[in-house]
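A single structure is presented below for examination.
Only heavy atoms go into these numbers, but all of them, side chains included; no hydrogens, no water, no symmetry mates. Read the numbers this way: they start at 1 and go in the same order the structure lists the ligands and their atoms.
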Amino acid sequence: MESNNHILENFNQIIRELPPHVQLVAVTKTYPAESVHILYGAGHRTFGENRVQELLEKHAQLPKDIKWHLIGNLQSNKVKQIAAFIDTIESIDSEKILTEVNRQAGRVGRKINVLLQVKIAREDTKFGLTPDEARELFENYVDSQYENVIIDGLMGMATFTEDEEQIKSEFKILKALFDEFSAKKKLNTLSMGMSGDYGLAIECGATSVRIGSGIFGPRQYVR
Ligand SMILES: *Cc1c(COP(=O)(O)O)cnc(C)c1O
């Protein structure tokens, strides 16, 4: 991890670079709660975690006005642990999980923001819906089958490669799907781009970027 000053410098630099319509989700997975405090002190409120257990630990320790985004794979049996406080679940990758989020949101009397995660990368290790699966879920949502969730957009991860043309072609697939869905019902969030590729993602239409190591430095270990 970087020193506190260095983290703030990285953060300020990124904030200065981002166009005003692009939001930053600061990804704090594997970094201590203290690193969240550094950005919180600078006024930042939107943070992302990829694992429920780590999210629960940080949520317990940190100020309650933080808007937490879950950005990693979510199992149905864990939804009820986060339903009362989660701001946005970016990683909806099945009908089963959307149904469970809808059910648990109803139980706690909330509407939970979600994004549909679409698989755009060529690698087959990444989670996500196919475009057709995403279409079907979105159409069911437009027909109001899910009353306690707000599908606010799409999320995707490009292939981990140096090939910028490939990365852009994958982001463009997601952007085209976003425009297609937006024509049926207005969407606000196109979440694509991480530390290594957020510039390309913004070129391709991202409205939200998820940045971890570009702010906090290299991780000690990869999860
Ligand atoms: C870890 C992670 C990020 C941030 O990755 P960095 O390369 O550290 O910026 C973004 N999105 C998802 C889904 C992640 O798991």
Side-chain angles (χ1 to χ4, degrees), residues 1-2 6-15 17-18 22-33 35-36 38-39 44 46-58 66-75 78 82 86-94 97 101 113-129 134 152-164 167 170-171 173-175 178 189-223:
M1 218 180 94
E2 310 250 14
H6 211 142
I7 289 171
L8 263 184
E9 270 171 34
N10 293 339
F11 168 73
N12 285 327
Q13 168 94 33
I14 287 169
I15 289 292
E17 280 173 10
L18 291 184
V22 177
Q23 88 159 340
L24 170 66
V25 177
V27 177
T28 49
K29 67 183 186 204
T30 76
Y31 305 108
S35 48
V36 179
I38 299 168
L39 266 54
H44 195 70
T46 306
F47 294 90
E49 283 286 333
N50 73 332
R51 295 194 161 205
V52 169
Q53 189 54 40
E54 195 173 344
L55 171 62
L56 291 171
E57 285 164 18
K58 288 212 178 80
I66 288 177
K67 292 184 191 321
W68 288 108
H69 286 217
L70 185 76
I71 60 172
N73 182 249
L74 175 61
Q75 291 168 319
K78 301 211 169 141
I82 62 171
I86 194 75
D87 180 81
T88 303
I89 299 172
E90 298 204 10
S91 43
I92 297 293
D93 63 358
S94 70
I97 199 76
V101 171
N113 297 316
V114 304
L115 306 180
L116 301 181
Q117 181 174 357
V118 180
K119 181 176 146 54
I120 52 173
R122 252 184 246 163
E123 308 147 294
D124 37 62
T125 50
K126 302 253 158 83
F127 295 101
L129 299 154
D152 194 45
L154 304 179
M155 185 271 256
M157 290 165 87
T159 301
F160 191 69
T161 172
E162 307 260 282
D163 182 348
E164 298 199 346
I167 294 172
E170 293 173 357
F171 285 152
I173 292 171
L174 197 61
K175 166 68 169 155
F178 178 82
T189 307
L190 181 55
S191 173
M192 54 186 197
M194 310 176 22
S195 295
D197 58 15
Y198 71 89
L200 296 176
I202 292 168
E203 265 181 53
C204 296
T207 69
S208 186
V209 292
R210 310 176 308 271
I211 301 180
S213 54
I215 298 171
F216 302 107
R219 290 187 188 83
Q220 301 291 351
Y221 52 99
V222 178
R223 297 201 172 191

Checking Lys119, Met192, Glu170, Arg210 against Met157 for side chain to side chain contact (heavy atoms under 4.5 Å, CB included), the one that qualifies is Arg210
Tell me the nearest of Ile71, Leu70, Thr28 to atom 13 (C) of ligand 1, using heavy-atom distances. Ile71
Which heavy atom of the protein is the closest neighbour of atom 15 (O) of ligand 1, given with residue, atom name and distance? Lys29 NZ, 2.7 Å
Modelled atom types, side-chain donor and acceptor of Thr28 and Glu49, under 3.5 Å: yes
Looking at every heavy atom in both Ile82 and Leu70, which two are closest together, and how far apart are they? CD1-CD2, 4.2 Å
Which ligand 1 atoms, with their elements, are less than 4.0 angstrom from a heavy-atom of Ile211? 9 (O)
Exam field: side chain Thr46 to backbone Val25, donor-acceptor pair closer than 3.5 Å: no
Distance to 0.1 Å, residue and atom name: give those for the protein heavy atom nearest to atom 6 (P) of ligand 1. Ser195 OG, 3.4 Å
Return the orientation label for the Phe216 and Tyr31 ring planes: parallel under 30°, perpendicular over 60°, tilted otherwise. tilted
Minimum non-hydrogen distance to atom 8 (O) of ligand 1, winning option of Glu49, Met194, Arg51, Arg219: Arg219
Assess, by modelled atom type and distance only, whether the side chains of Ser91 and Gln117 contain a donor and an acceptor separated by less than 3.5 Å. no
I want to know if ligand 1 touches Gly212 in the polar sense, i.e. an N/O pair below 3.5 angstrom. yes
Please report which non-hydrogen protein atom sits nearest to atom 7 (O) of ligand 1, along with the residue it belongs to and the distance in Å to one decimal place. Ser213 OG, 3.5 Å
Side chain or backbone, does Arg210 bring an N or O within less than 3.5 Å of an N or O on ligand 1? yes
What's the separation between atom OG in Ser191 and atom CG in Asp152, rounded to the nearest 0.5 Å? 10.5 Å
Check each heavy atom of Glu90 against ligand 1 and say whether those closer than 4.0 Å belong to the side chain, the backbone, both or neither. neither
